[in-house]
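Notes to accompany the following structure.
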There are 2 protein chains.
Amino acid sequence: MAYSAGVSETQPTPQPGTTTQGRPRRPEPSGQAASATRALRSDAERTVRTILEAAERVLSKNPAATMEQIAEAAGVARTTVHRRFASREALVDAMAAWATRQFAAAVDAASPENTPPLVALYQVTANVLRVKSDWGFAMSRALSADPEVARVHADVEQRCTRLFERARSAGVLRADVDYVWAKRAYYALIHETVRSRDGDPDTLAVRLVDTLLRGLGTGQSLT
Amino acid sequence: MAYSAGVSETQPTPQPGTTTQGRPRRPEPSGQAASATRALRSDAERTVRTILEAAERVLSKNPAATMEQIAEAAGVARTTVHRRFASREALVDAMAAWATRQFAAAVDAASPENTPPLVALYQVTANVLRVKSDWGFAMSRALSADPEVARVHADVEQRCTRLFERARSAGVLRADVDYVWAKRAYYALIHETVRSRDGDPDTLAVRLVDTLLRGLGTGQSLT
DNA sequence: AGAACTGGCAACACCTATGATGCAAGTTCT
DNA sequence: AGAACTTGCATCATAGGTGTTGCCAGTTCT
């Protein structure tokens, strides 16, 4: 952190947040970003996105990667990363926030209440696969401290539950299934599908939903 | 570890690394012979096991935990951990080796060739759940450099494939299933089941296999 | 009992990742 | 064009983790 006992009194508050550097007048809580701060200049904005994307690429391969490696992948100096993100934690939080927004958008774009649940399930699955294959790391860490992120997450979660309920009501899911387990199984299959990128989201979604609903057996000897 | 403190004379420190028993060990980078490892005294042996178990407990919660934390969890001084395991890497390798042996034993104990595949599937699943819930971290890192471990792993892998083949032949699995996907889905469900410990292995195995084979749907509107 | 081994402790050496600055050169915006 | 902003670079400071070593008290084994 910056200890304000700074030698140079030119600036009272060195505010190394995600935003503009040094000078500014706005005493934001350190950490992430936001709306209250002045908008970044276009080139800076571009840099931020580049860093976020590089971080996802690098960290998804090696969660213990250093800031240096991330910077290198982004084609920037390490100091620039630190200028944009106060700390490693702030960077990860920003990634989570960004990914969460993408995630929410993906779900929103695909599950209108009036769509038949089975159709909605395919659509949501395909969309989620798309996002998660690009933002897997960030999404796995989505237990963000940011209340806004938490809210969005809870919202998506609930939407998912709702979808499953509709599926059951419509007779797509068996009446005796345990929601909790159903969702876990669903997530597990999504996770596994993403882990091994082998096909386009739509095809994968079909295979996934098919497995989830029909399983892989013939059903013969199972009571 | 890599910075060769070449100055340090080859001292008869009988600590070539991760020793559990008199297993042949990999050649040390620093050039000194990892020769005839004497069997550990009973108390030392106990310490080694305690450390391995503590490491699993700690690392499964936080893969980035420090040696200090591991030592503390084991009720041992940090230096003792280093005395038993040359480096963090050596510790993890030893964990992987240990877990792999448990794993192999669990599979061996449950899948005789003559058992009906469905029965074998339940048994293997239950046993694997048992082991994996205790050695989840170690098993996830089972890409050990140790050739012996790799061999055991490949063996188990093959055994699993064989089981799936038998299941298909017996009409338990549909004829059109993709083995690769089938195994992935199976692993994914295992992983998810282990992640949320909520029941005894046998019950969980039933639920898991049931989901894998029948899925969660009614099968009505699916082509 | 006595030799050999083991663990705790304290101290040390070393390395790496992190984060902060100041400055000069380049870019964006108005 | 000129102010404001941004980045790279070189530099510094620091913390925390890793791995060693020596010594002593306690344990194990024979």
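Chain naming here is simple, since letters A, B, ... match the order of the sequence lines and numbering starts at 1 in each.
- The shortest heavy-atom contact between Ala64(A) and Arg88(A) is C-NH2, 4.0 Å.
- At a cut-off of 3.5 Å, with distance as the only test, a side-chain donor of Arg184(B) or Ser196(A) sits close to an acceptor on the other residue.
- Ala120(A) and Leu163(A) make their closest contact through CB-CD1, 3.8 Å (heavy atoms, listed as atom of the first residue, atom of the second, distance).
- Considering only side-chain atoms of Thr80(A), the nucleotide from dT18(D), dG8(D), dT6(C) that sits closest is dG8(D).
- Not one side-chain nitrogen or oxygen of Thr47(A) sits closer than 4.0 Å to the OP1 or OP2 atom of dT6(D).
- Atom-to-atom, CG of Leu91(A) to P of dT18(C) comes out at 10 Å; the value is rounded to the nearest Å.
- Contact annotation for Thr79(B): base contact, defined as any heavy-atom pair under 4.0 Å involving a base atom.
- Taking the six-membered ring where the residue is Trp, Trp98(A) and Trp135(A) present perpendicular rings, their angle passing 60° and hence far from 30°.
- Using a 4.0 Å cut-off between charged side-chain N and carboxylate O, Arg49(A) and Glu53(A) make a salt bridge.
- Here Arg88(A) lies in heavy-atom contact (under 4.0 Å) with sugar-phosphate atoms only.
- At a cut-off of 3.5 angstrom, counting only N and O atoms as typed in the model, there is a donor on one side and an acceptor on the other between the side-chain of Arg83(B) and the base of dG8(C).
- Atom CZ in Arg46(A) sits roughly 8 Å away from atom P in dC29(C) (whole-Å rounding).
- Distances from the side chain of Asp43(B) to the nucleotides dT18(D), dA4(D), dT6(C) place dT6(C) closest.
- Between Ala126(B) and Pro201(B), the closest heavy-atom pair is O-CB, 3.8 Å.
- Here Arg130(B) does not pair with Asp134(B) in a salt bridge; the nearest charged N to carboxylate O distance is not below 4.0 Å.
- Not a single donor-acceptor pair under 3.5 Å links the side chain of Glu56(A) to the backbone N or O of Met95(A).
- Going from atom CD of Gln69(A) over to atom C1' of dT16(C) covers 12 Å, rounded to whole Å.
- Note that the CD atom of Gln69(A) and the CG atom of Asn62(A) stand 6.5 Å from one another [nearest 0.5 Å].
- Whole-Å rounding puts the His82(B) NE2 to dG8(C) C1' distance at 15 Å.
- Here the C1' atom of nucleotide dT27(D) and the CG atom of Leu40(B) are 15 Å apart, to the nearest Å.
- Taking a 4.0 Å limit (strictly below) on heavy-atom distances, residues 51-66 of chain A reaches DNA chain C at Thr66(A).
- What separates CZ of Arg84(A) from C1' of dG8(D) is a distance of 13 Å, to the nearest Å.
- Over its full length, the helix from dA1(C)-dT30(D) to dT30(C)-dA1(D) turns its helical axis through 50°, comparing axes from the five pairs at each end and rounding to 10°.
- Relative to the side chain of Arg41(A), the nucleotides dG8(C), dT7(D), dG26(C) differ in distance, and dG26(C) lies closest.
- Taking atom CZ on Arg78(A) and atom C1' on dT21(C), their separation rounds to 12 Å, with Å as the unit.
- Side-chain N or O atoms of Arg197(A) include one that pairs as donor or acceptor with a backbone N or O of Ser133(A) at under 3.5 Å.
- Here dG19(D) presents its P atom at 13 Å from CD of Glu68(B), a figure rounded to the nearest Å.
- Nearest-nucleotide positions on DNA chain D place Val76(A) closer to the 5' end than the other of Val76(A) and Met67(B).
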